[in-house]
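Throughout, protein chains are lettered first and strands after them, A, B, ... in sequence-line order, and every chain is numbered starting at 1.
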2 protein chains.
Amino acid sequence: MKKKIIEKRGECTTELLAIKDAMELLSGKWKVHIIATLTYKGAVRFMDLQRHVEGIGAKMLSKELQDLEVNLLIKRTVLDTKPVTVEYELTPHGKTLEKIIGEIRIWGRSHRKKIIERK
Amino acid sequence: MKKKIIEKRGECTTELLAIKDAMELLSGKWKVHIIATLTYKGAVRFMDLQRHVEGIGAKMLSKELQDLEVNLLIKRTVLDTKPVTVEYELTPHGKTLEKIIGEIRIWGRSHRKKIIERK
DNA sequence: GAAAGTAGTTTCCTTTTGGGAAGTGATTTC
DNA sequence: GAAATCACTTCCCAAAAGGAAACTACTTTC
């Protein structure tokens, strides 16, 4: 006989939606790296960002910055200099990521140790 | 005249390596979702996991679980039941992710609010 | 013996992500 | 006037991620 499985979920779903939302923003090769750099350095120009985020190309950097901007995490400011320069910095809302980035950094460090000592 | 830009980095690099390590593990559509489910539910069988992680297919689930296992985050246990069943659960090391998952959840919730009220 | 449940693997396909090279247009420097 | 800098964009391609369906192999239930 088939047993009917009636599961209680409910309270999980909205929590998992929140996680999904956050991970959509943070997943990928560059976003967290860029945000971490802006956290360290404050306002940074495009070319300087490219120099600090090792390995990223102009196309990727441009795309990622647009992504972060529409999600209200960074602010783009065009400066009226001789060759125009553009500065990027975290918004107040972007700065609320500091905690999560901090936790990722701490955990990454301990995980690195763990994996190295296993070998 | 060309200006030589000599930059002080140094202490950043190892921190960014740690972030990179962590993000390689957590990036993607499913990993955090799976870990969060195991955090909530404890030991869970394959088919139950598939039911809880909405939308995931058997192939993806299998691949993601293998990934998490080789990184020492989950433990796979084959149970000697009539049709064999397999249980997955977080290792002690996997459980250290709780904090970071918690932060992601909290931030995701507040971000969700922010984005919704903007519209 | 047919059906269904266990835990996957395999094949084939589409979508997404990422990357290099070159181009743009304005301005400044040599 | 040639070269370089800034902040990109466009094009074209490769690799990775993700997914649907079928298949394996074994056991229990009808």
Chemist: Quickly work out the A:L61 CG to C:dT17 C1' distance and round it to whole Å.
Modeler: 16 Å
Chemist: Parallel, tilted or perpendicular, judged at 30° and 60°: which one describes the rings of A:H111 and A:W107?
Modeler: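 The rings of A:H111 and A:W107 lie parallel, inter-plane angle below 30°.
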Chemist: Can you check the A:D80 CG to D:dA7 P distance for me, whole Å?
Modeler: 13 Å
Chemist: Would you kindly check whether a donor in the side chain of A:K29 faces an acceptor in the base of C:dG18, or vice versa, at under 3.5 angstrom?
Modeler: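 Such a pair does not exist between side chain and base.
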Chemist: Rounded off to whole Å, could you give me the CG-to-P distance for the A:L79 and D:dA7 pair?
Modeler: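 After rounding, the reported distance stands at 9 Å.
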Chemist: Both B:W30 and A:L65 contact DNA chain D. Taking the nearest nucleotide for each, which residue is further toward the 5' end?
Modeler: A:L65
Chemist: Closest approach to the side chain of A:K59, judged atom by atom: which nucleotide of C:dT6, C:dT9, C:dG20 is it?
Modeler: C:dG20
Chemist: How far apart are the C-alpha atoms of A:L26 and A:I100, what are their side-chain angles, what is the distance that settles it, and do they pass the side-chain contact (heavy atoms from CB on, under 4.5 Å) test?
Modeler: CA-CA 10 Å; A:L26 301 178; A:I100 187 174; 3.9 Å; yes
Chemist: Counting side-chain heavy atoms from CB outward, which of D:dT9, C:dT6, D:dT27 is closest to B:K82?
Modeler: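 For B:K82, the side-chain atoms sit closest to D:dT27.
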Chemist: Between the main-chain N or O of A:S27 and the side-chain N or O of B:S27, is there a donor-acceptor pair closer than 3.5 Å?
Modeler: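 Looks like no, no N/O pair under 3.5 Å.
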Chemist: Could you please name the option among C:dG8, D:dC8, D:dT5 that lies closest to any side-chain atom of A:S62?
Modeler: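 The nucleotide sitting nearest to the side chain is D:dC8.
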Chemist: Between C:dT9, D:dT9, D:dT5, which one does the side chain of A:A58 approach most closely?
Modeler: D:dT9
Chemist: Which residue, A:V84 or B:Y88, contacts DNA chain C at a nucleotide closer to its 5' end, judged by nearest heavy atom?
Modeler: B:Y88
Chemist: Taking the side chain of A:K63 as its heavy atoms from C-beta onward, which of C:dG18, D:dA7, D:dG18 lies nearest to it?
Modeler: C:dG18
Chemist: B:T91 side chain to B:L72 main-chain N or O, any donor-acceptor pair under 3.5 Å?
Modeler: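 Such a contact is found between B:T91 side chain and B:L72 backbone.
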Chemist: Measure from the side chain of A:R51, starting at C-beta and using heavy atoms only, and say which of C:dG19, D:dT9, D:dC6 lies closest.
Modeler: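 Closest of the options to the side chain of A:R51: D:dC6.
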Chemist: Write down the distance between CE (A:M23) and C1' (C:dT17), rounded to a whole number of angstrom.
Modeler: 15 Å
Chemist: Among A:D67, A:N71, A:L25, exactly one meets side chain to side chain contact (heavy atoms under 4.5 Å, CB included) together with A:K31. Which residue is that?
Modeler: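 For A:K31, the side chain to side chain contact (heavy atoms under 4.5 Å, CB included) test succeeds with only one of A:D67, A:N71, A:L25, which is A:D67.
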Chemist: Side-chain N or O of B:Q66 versus OP1/OP2 of C:dT9: is the shortest distance under 4.0 Å?
Modeler: yes
Chemist: Side chain of B:V86 only, please: which of D:dT5, D:dG18, C:dA7 is the nearest?
Modeler: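 Among the listed nucleotides, the one closest to the side chain of B:V86 is C:dA7.
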Chemist: Taking the minimum atom-to-atom distance to the side chain of B:P83, which one of C:dA7, C:dG18, C:dT6 wins?
Modeler: C:dT6
